[in-house]
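What follows is a set of notes on a single structure, which appears directly below.
We number each residue from 1, following the sequence as shown.
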Amino acid sequence: MDLKQLLLKDAMIMDLKATTKEEAIEEMVDKYYQVGVIDDKELYKSDILKREAQTSTGIGDGIAMPHARDKAVKRATVLFAKSAKGIDYKSLDGQPAYLFFMIAAPDGADNLHLQALAALSSLLINPELVKNLKAAKTADEVQELFDKAMKEKEAKDKADEEKQKAQAQAAKTADTGAQKPYVVAVTACPTGIAHTYMAEAALKEQAEKMGVDIKVETNGSEGVKHKLTADEIKRASGIIIAADKKVDMPRFDGKHLVNRPVSDGINKAEELIDLAKDQKAPIFHSEGGAVEDNGDDEGEKKSLWSRIYADLMNGISNMLPFVVGGGILMAISFLLENSVGAKSQWFLFFNNVGNYAFSFLIPVLAAYIAVSIGDRPALLPGFVGGYMASQATASVVSSKSPAGFIGGLLAGFIAGWVIVYLKKWLSKLPKSLAGLKTILIYPVLGLLIVGAIMYFIVDPVFAVVNAAITHFLESMGTGNAVILGALLGGMMSIDMGGPFNKAAYTFAIGAFTATQDGALMAAVMVGGMVPPLAIAIATTFWKNKFTEQERQAGLSNYILGISFITEGAIPFAAGDPLHVIGSSVIGSAIAGGLTQLWKVNVPAPHGGIFVTPLANKPLLYLLAVVIGAVISGVIYGVWKPAKKNN
């Protein structure tokens, strides 16, 4: 694909007016909307900000590459923008950004588009091109510079490919002691659009300067490219993983391996190559699922909390589709029950399908926590352990209450770590038996150990604990219920869909599935609706404190708020966390507490105001939402500083 088809002249901003990161993103997104590249500014901007929350796309050397891939994008495009004075983009090197490349990729982008985006990204490692782009005055100049750089890169890539073939052939016959140092690398980023290929280019360029032969596999949006062969891995002195997502690791067993974020592949290429070629990196052992601590490099290790959080989020993210899909069908069934009766086939169909989906909540949660820890062999014991936690047991302690959500969490972590230790214990098995591990040994021993722990310890203990909690919630006095409702409501606003929000929501789901009582669902539902509604109110009545784009975004938050989509507040919270989160938590806590004070019950896990007919006290349910949203909206509107005129 001709790069001119990606670098649209109409989408270029040769004199960016923004002075802050937030304003720069807003200006570029607005330009995309004006030229028809995107049809939903808020969705695209939200995904841009989510990517920025992972790590800044200000890669250093004066360049920023914000990017997103979503359904708001109509065609693959790269917006080029320049700032003469520079903008503090929170870049990885702490320096201002002058050149901006906002990449927009549609959900259904074909390989041709993705290849062009990858090529464009890798060009930006060229310092001569960057220098010329800073001096460019017109959009035509920008297109011509990229066209020239692309032709030069294609010629160089072809020469490199021939060189690698020759090196591979020479390695088979030549004395290995006379060969250049040889390392291999894998690069990957969450979206697979930009950083993957920039890290590839940076590593290859630095390796050439150092006299090191290198091959780089890319795990990008167009799939795996330049896949490393077993022979190449075996021949390499060391392995470099520059990735922010999971890559195929077992093939590197026994090799010196340095594992870093993809940004280090761009900015610390020399350091990574040194560690790999001199075999200073730790040795990776796939059977143990970890890297031996042979050094003091903190970059190689994750904190315990980071690992637990990642494992938990893997379980929750895989569970949520069951919650939303099953919950909405159940909500529809309750609406139908009011009109056609509880014996109608329509009611029974929707209600049963929703309940079938709900029956998988705890098993799926446990299974994918386990997979995050112990990989695929942990799926079976995790799933079965979760299922055991979801069923009432009469084996050791007779109880009508299952171990429930807490038992499911434990099942996931237990199953994952059982498999991790089984891999360690079985690592010395003869090679002749290695093939039996995944198809026989792990399934049988994993299921036996996890099943025994769940049957004799977790299920009996937590069945009693869960029954006690259920009894406590059912018999809780009004005062205690209000405090709990306020706590859950407030947690929904702390991080707008993050771990606090998910913890509160998942706790309410657990209580709902155990008791079929929707009291706590009412608290988290109103708590989650308040932040976007509060922003909508503030942008409506305190217009002078917001930009035109913010006021337009505020209007969309009315719809997002009533639909229980808390994430609508994320763009505002990212730009002004103190005022947005502070005001939202107050209103959400009040709204959550009011639902418990008024004993509101909503037997549906999703739907916002659209499930109001299901509430036992629909008017009080709506009133709690309105009171919370107005309080938060007024606090935010009054508290937010007036916008400065630049």
Side-chain angles (χ1 to χ4, degrees), residues 312-313 315-317 319-328 330-331 334 354-355 357-362 364-365 389-390 401-409 465-466 469-474 476 480-531 563-567 584-585 588-612 614-617 621 624-625 628:
L312 181 60
M313 287 302 106
I316 289 176
S317 63
M319 178 189 76
L320 283 179
F322 291 81
V323 175
V324 175
I328 289 176
M330 287 175 66
F334 294 137
N355 274 301
F358 256 48
S359 68
F360 286 97
L361 295 187
I362 295 175
V364 167
L365 173 70
S390 69
S401 177
F405 172 68
I406 299 174
L409 282 177
V465 171
N466 201 47
I469 292 173
T470 302
H471 176 73
F472 171 73
L473 292 174
E474 291 174 343
M476 189 164 46
N480 289 333
V482 170
I483 292 172
L484 181 59
L487 176 64
L488 294 176
M491 288 174 68
M492 293 296 291
S493 290
I494 291 177
D495 50 6
M496 316 291 179
F500 284 97
N501 174 289
K502 285 184 171 65
Y505 185 65
T506 309
F507 178 79
I509 287 288
F512 179 46
T513 55
T515 66
Q516 296 302 305
D517 185 339
L520 297 183
M521 287 310 311
V524 298
M525 196 98 73
V526 298
M529 285 191 277
V530 164
S563 303
F564 186 44
I565 302 176
T566 316
E567 287 81 357
S584 295
V585 168
S588 293
I590 291 172
L594 287 175
T595 62
Q596 304 308 293
L597 178 65
W598 295 333
K599 301 188 184 304
V600 177
N601 189 306
V602 180
H606 211 282
I609 69 165
F610 300 106
V611 294
T612 301
L614 304 180
N616 62 332
K617 299 177 181 179
Y621 172 58
V625 175

- Item | Student check: side-chain heavy atoms of T612 and L614 closer than 4.5 Å | no
- Query: So which heavy atom on A624 is nearest to which on V526, and how close?
  - Reply: CB-CG1, 4.5 Å
- Query: Closest heavy-atom contact between Y505 and M521?
  - Reply: CE1-CE, 3.9 Å
- Residue pair V602 / A615: nearest heavy atoms and the distance that separates them: CG2-CB, 4.0 Å
- Message: Holding to side chain to side chain contact (heavy atoms under 4.5 Å, CB included), I want the full list of residues that pass it with A519, two or more places apart in sequence or in another chain.
- Response: D517, Q596
- Distance, nearest 0.5 Å, that separates CG of L487 from CG of L520: 10.5 Å
- Task: Check V625 against M529 and note the closest heavy-atom contact, atom names and distance.
- Result: CG2-CE, 3.4 Å
- Message: side-chain contact (heavy atoms from CB on, under 4.5 Å) for Y621 and M525? Distances and angles first, verdict last.
- Response: CA-CA 10 Å; Y621 172 58; M525 196 98 73; 3.2 Å; yes
- Message: Just verifying a value: how many Å separate T595 OG1 and L488 CG, rounded to the nearest 0.5 Å?
- Response: 9.0 Å
- Task: Taking N616 for its side chain and V600 for its backbone only, find out whether a donor-acceptor pair lies under 3.5 Å.
- Result: no
- When every non-hydrogen atom of G407 is compared with those of A389, the smallest separation belongs to C-CB, 3.6 Å
- Message: If we ignore hydrogens and angles and just use 3.5 Å, is the side chain of K617 paired with the main-chain N or O of W598 as donor and acceptor?
- Response: yes
- Task: Please answer whether the main-chain N or O of G490 pairs with a side-chain N or O of S588 as donor and acceptor at a distance below 3.5 Å.
- Result: no
